[in-house]
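Below is one structure, written out as structure tokens; the observations come after it.
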Amino acid sequence: MDNDYIKIDFHAGSTIEGAVRELLTYKENGYLAFGEFNGFKLYSDTVTVDGAYKEIIGKTKSEFDKSQQEWRERMDREDEKHKESIPELSKEWMRKGRRILSEDKWEYWDKIVPVRLGDLYHGMELGNCLDLVETLKTGTLDDAKEKIENQGHSGMSFGLVCSMVREFSDRGTEFVEYAG
């Protein structure tokens, strides 16, 4: 069947709507065309926006838009709830820092805790940092390297945690050079 169709390649970053528009342009000009979008073949003579959405995502366009809106609203509510909890969470993280960090690090820790709680990661890096500082007190560089590798970091969060460990651990610089 595909032999009767012109194969087109959608551009990287194409949307479902863009792919459908491109296929319909071929149809309007009298050509049969098909292209693959995320592994799904779409054909110019049968494609519709809702059909493509249903095929690729499992929902019509309006169902998808509604689910995205609900997701955004849920994320906004969760963000607001998190922001409201920052003062109490700050106290908790400051206490945790005092159990693990040397006293000369407490003032700076207390200063960064609310900042880290308010950022993209919602303070995830605070726990990661303290785990590594604690490991470096009693364990080996290999132990700490294994721990950071198992924390599931992106490049950005890895760099952030490393810079925090460098600041809050007496072995931080040594660790970052070793783990980097």
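Keep in mind that the numbers below use all heavy atoms, side chains included, and drop hydrogens, waters and symmetry copies. Please read these numbers as outputs of a predicted model, since none were measured by experiment.
You'll find the side chain of V165 stays beyond 4.5 Å of the side chain of I148, heavy atoms only. Using a 4.5 Å heavy-atom cutoff, the side chains of I112 and M164 are in contact. Looking at heavy atoms from C-beta onward, C129 lies out of side-chain contact with R166 at the 4.5 angstrom threshold. Residues I6 and F34 form no side-chain contact, since every pair of their non-hydrogen atoms from C-beta on lies 4.5 Å or further apart. No side-chain heavy atom of R98 sits under 4.5 Å from any side-chain heavy atom of E103. Using a 4.5 Å heavy-atom cutoff, the side chains of R74 and R77 are in contact. Between Y43 and L32, every side-chain heavy-atom pair lies at or beyond the 4.5 Å cut-off. For the pair L132 and S169, the minimum side-chain heavy-atom distance is 4.5 Å or more.
Checked for salt-bridge contact, K61 and E17 meet the test: a charged N lies under 4.0 Å from a carboxylate O. Between D143 and K145, none of the side-chain N atoms (NZ, or NE/NH1/NH2) sits under 4.0 Å from a carboxylate O, so this pair counts as no salt bridge. Salt bridge annotation for D50-K54: absent, with no cationic side-chain nitrogen under 4.0 angstrom from a carboxylate oxygen. With respect to the salt-bridge test (charged N to carboxylate O, under 4.0 angstrom), the residues R95 and D110 do not qualify.
V133 and V176 sit in two unconnected hydrophobic clusters of ILVMFWY residues. Membership requires side-chain heavy atoms under 4.5 Å apart, directly or through other members. When the side chains of ILVMFWY residues are joined at heavy-atom separations under 4.5 Å, either directly or via intervening members, V113 and L89 end up in a single hydrophobic cluster. F168 and F175 are members of different hydrophobic clusters when ILVMFWY side chains are connected at heavy-atom separations under 4.5 Å. Linking Ile, Leu, Val, Met, Phe, Trp and Tyr residues whenever their side-chain heavy atoms come within less than 4.5 Å places F40 and I57 in a single cluster.
The structure places CG of D119 at 10.5 Å from OG of S157, a figure rounded to the nearest 0.5 Å. The NE2 atom of H122 lies 7.5 Å from the CD1 atom of I86; values are rounded to the nearest 0.5 Å. Residue D131 holds its CG atom at 12.5 Å from CD of E125, rounded to the nearest 0.5 Å. Here the CG-CE distance, from L101 to M94, works out to 12.0 Å after rounding to the nearest 0.5 Å. If you take OG on S163 and CZ on F158, they are separated by 11.0 Å, rounding to the nearest 0.5 Å. Note that CG of L136 and CD of E174 are 8.0 Å apart. Values are rounded to the nearest 0.5 Å.
Defined by atom type and a distance below 3.5 Å, a donor-acceptor pair is missing between the side-chain atoms of D142 and T140.
For the pair K59 and Y53, the cation-pi test (distance below 6.0 Å, angle within 45°) is failed. A cation-pi arrangement, defined by a distance under 6.0 Å to the six-membered ring centre and an angle within 45 degrees of its axis, is absent between K105 and W109.
At most 12 heavy atoms of other shown residues, nucleotides or ligands fall within 6.0 angstrom of atom NZ in K91. Under a cut-off of 6.0 angstrom, the local environment of NZ in K66 is sparse, with at most 12 non-hydrogen atoms contributed by other residues, nucleotides or ligands. Within a 6.0 Å radius of CD in E107, other residues, nucleotides and ligands contribute 12 heavy atoms or fewer. Few gaps surround CD on E92; more than 12 heavy atoms of other groups in view lie less than 6.0 Å from it.
A donor-acceptor pair is defined here as one N or O able to donate and one able to accept, closer than 3.5 Å; no such pair exists between the side chain of S14 and the backbone of F10. Using modelled atom types, one side-chain atom of E63 and one backbone atom of T60 make a donor-acceptor pair closer than 3.5 Å. Remark: side-chain polar atoms of H153 are not paired, donor with acceptor, to backbone N or O of L160 under 3.5 angstrom.
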With side-chain contact (heavy atoms from CB on, under 4.5 Å) as the test, would you mind laying out the steps for R72 and Q68 before giving the verdict? CA-CA 6 Å; R72 273 192 290 293; Q68 287 296 102; 3.6 Å; yes

Ignoring hydrogens and angles, write down the donor-acceptor pairs under 3.5 Å from the side chains of residues 23-31, residues two or more places apart or on other chains.
from, atom 1, to, atom 2, distance (Å)
T25, OG1, R21, O, 2.9
N29, ND2, T25, O, 3.0

